[in-house]
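Letters go in sequence order (proteins before strands), and every chain restarts at 1.
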Protein chains: 2
Amino acid sequence: MSKRDTKRDILQAAKAVFASKGYEASTLEDIAEKAGVRKALIFYYYPSKESLFLEAWNESIDELENTLFRELADESVYIRKLKKLFRGYIDFVMSRREVMKLIEIDRVRIMDGPQDGDEWGRFRLRYNRFLQKIEELIEEGKEKKALPSDISTKATAKLLAQMMGMGALEENITLERIIRIILSGMALEPERILL
Amino acid sequence: MSKRDTKRDILQAAKAVFASKGYEASTLEDIAEKAGVRKALIFYYYPSKESLFLEAWNESIDELENTLFRELADESVYIRKLKKLFRGYIDFVMSRREVMKLIEIDRVRIMDGPQDGDEWGRFRLRYNRFLQKIEELIEEGKEKKALPSDISTKATAKLLAQMMGMGALEENITLERIIRIILSGMALEPERILL
DNA sequence: CAAATAATTTACCAAACGGTCAAATAATTC
DNA sequence: GAATTATTTGACCGTTTGGTAAATTATTTG
């Protein structure tokens, strides 16, 4: 009979509630109920609602990032890298849509502000590091002549991240069709990457 | 000395606050203060916070939609239609970014649910009508052989709406570059449409 | 097994919030 | 100008919320 990990139960419950209602409309009572504890216990493990949300946010982006990029390091052929990236993403969305929801449901509000200086600064930093990862991948493609040299790295990264955020609401078949359009726009052949 | 339109003042203040903080974190006290009235007065003009938000939401989508589609009716050459659409959009974002913010900051939470049945049903209906408009435009392009016949209307509409939503946060130069990528992906020549 | 420590719950708090209603003020009507 | 109507405000309400502290229970340690 395995021992309960209460802190993790609370965090998982929090992720589910934040993903469903967004941060502002989520109550600690809801989270506690879902975790099967009383609300005050949340404060034994987490100093505040916000810090709970920060951990949920960071873990979610970590999870997405690890899934997308972890296995690309083994790959040296750029097209194969992209293949793994998009395949990995499609699979990820199917089983972990909640992650995309947690990020997207609050992303615009969080990202609408300066790099730091307010309560959302750390949240923005984390998301920006994710964007940076995508930019690096695009830069790599340009260096390897697999992508047009005149394509804007930043704009492409932003578009890809935005497309990925659509995983919060869209069906996989729609996502695949959208990815096809974007890949074409990046001067790639969708058929070689998606199937 | 023109007469004050208090109801409109309240609605405009509400739009600004909702666009900045999102619905859930916006308080009627904040809105009243911004409008220069006392909170109770909001209830003289609007039955509830939610109905105030619904009006702000609908007016914002109306404004976006009118700006995008109003002048396309005069145009019969499809490429010129698109030119007007994207030009109009870029100009709109420059002067009315608050509209995009108001929609995007709450869109994922609102759209994450069935067509009707809950408090957000009417909000979804309105946004879906906007999506429908984009779909019709794409269908028109396919009929006129200006777009590939095998392109998915739904996926393309969703991608375009998502791209437009990026106007909430992105600079115009980034938006233009993103539009280029998408237009290429739609088998169009960006230079003929953007400049 | 008792003491110490960790985990959990109960009970409570102040502040905040959407909303209500009567009173006050302003504008309009005759 | 008085009466009526419209608009605005002040005062208040009940509920909810993030959070706190003490009490209780469970687990660990020696």
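If you check D:dT8, D:dT9, D:dT17 against the side chain of B:Val37, the one that comes closest is D:dT9. The B:Leu28 side chain lies nearest to C:dG18 when the options are D:dT7, C:dG18, D:dT17. Closest approach to the A:Ala40 side chain among C:dG19, D:dT9, C:dT9 is made by C:dT9 (side chain taken as heavy atoms from C-beta onward). Of the candidates C:dT9, D:dT8, C:dG19, D:dT8 carries the atom nearest the B:Tyr45 side chain, counting heavy atoms from C-beta on.
Rounded to whole Å, the distance from CZ on A:Phe18 to C1' on D:dG18 is 12 Å. Separating the CG atom of B:Asp30 from the C1' atom of C:dA16 is a distance of 11 Å, rounded to the nearest angstrom. With rounding to whole Å, B:Tyr44 atom OH is found 12 Å from C:dA26 atom C1'. Straight-line distance from the CZ atom of B:Arg38 to the P atom of C:dG19: 18 Å, rounded to whole Å. The separation between B:Arg4 atom CZ and C:dA26 atom P is 14 Å, rounded to whole Å. Distance, B:Ile42 CD1 to C:dG19 P: 10 Å, rounded to whole Å. Separating the CZ atom of A:Phe43 from the P atom of C:dC12 is a distance of 19 Å, rounded to the nearest angstrom. At whole-Å resolution of the value, CG in B:Leu41 and P in C:dA23 are 19 Å apart.
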Canonical and wobble pairing (Watson-Crick, G-U, under 3.5 Å) of DNA chain D, dot-bracket with |: ||||||||||||||||||||||||||||||

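A salt bridge does not link A:Asp9 to A:Lys34: none of the charged side-chain nitrogens sits closer than 4.0 Å to a carboxylate oxygen. Ion pairing between a basic and an acidic side chain is recognised when a charged N comes within 4.0 Å of a carboxylate O; B:Arg126 and B:Asp62 show such pairing.
Looking at B:Arg177 and B:Asn172, their side chains never bring a donor and an acceptor atom within 3.5 Å of each other. Judged purely by distance below 3.5 Å, without hydrogens or angles, the side chains of A:Thr153 and A:Glu139 pair a donor atom with an acceptor atom.
Taking 3.5 Å as the limit, the base of C:dG19 and the side chain of B:Lys49 contain no donor-acceptor pair of atoms between them.
Note: B:Phe53 and B:Phe18 have perpendicular aromatic rings, judged against thresholds of 30 and 60 degrees for the angle between ring planes.
Applying the 4.0 Å criterion to OP1 and OP2 of C:dT8, one finds that A:Thr6 has a side-chain N or O inside that range.
Taking the ring axis of A:Tyr23 as reference, the NZ or CZ atom of A:Lys49 stays within 45° of it and closer than 6.0 Å to the ring centre.
If you run side-chain hydrogen bond (donor to acceptor under 3.5 Å, both in side chains) between A:Lys15 and each of A:Glu63, A:Glu98, A:Glu59, only A:Glu59 comes through.
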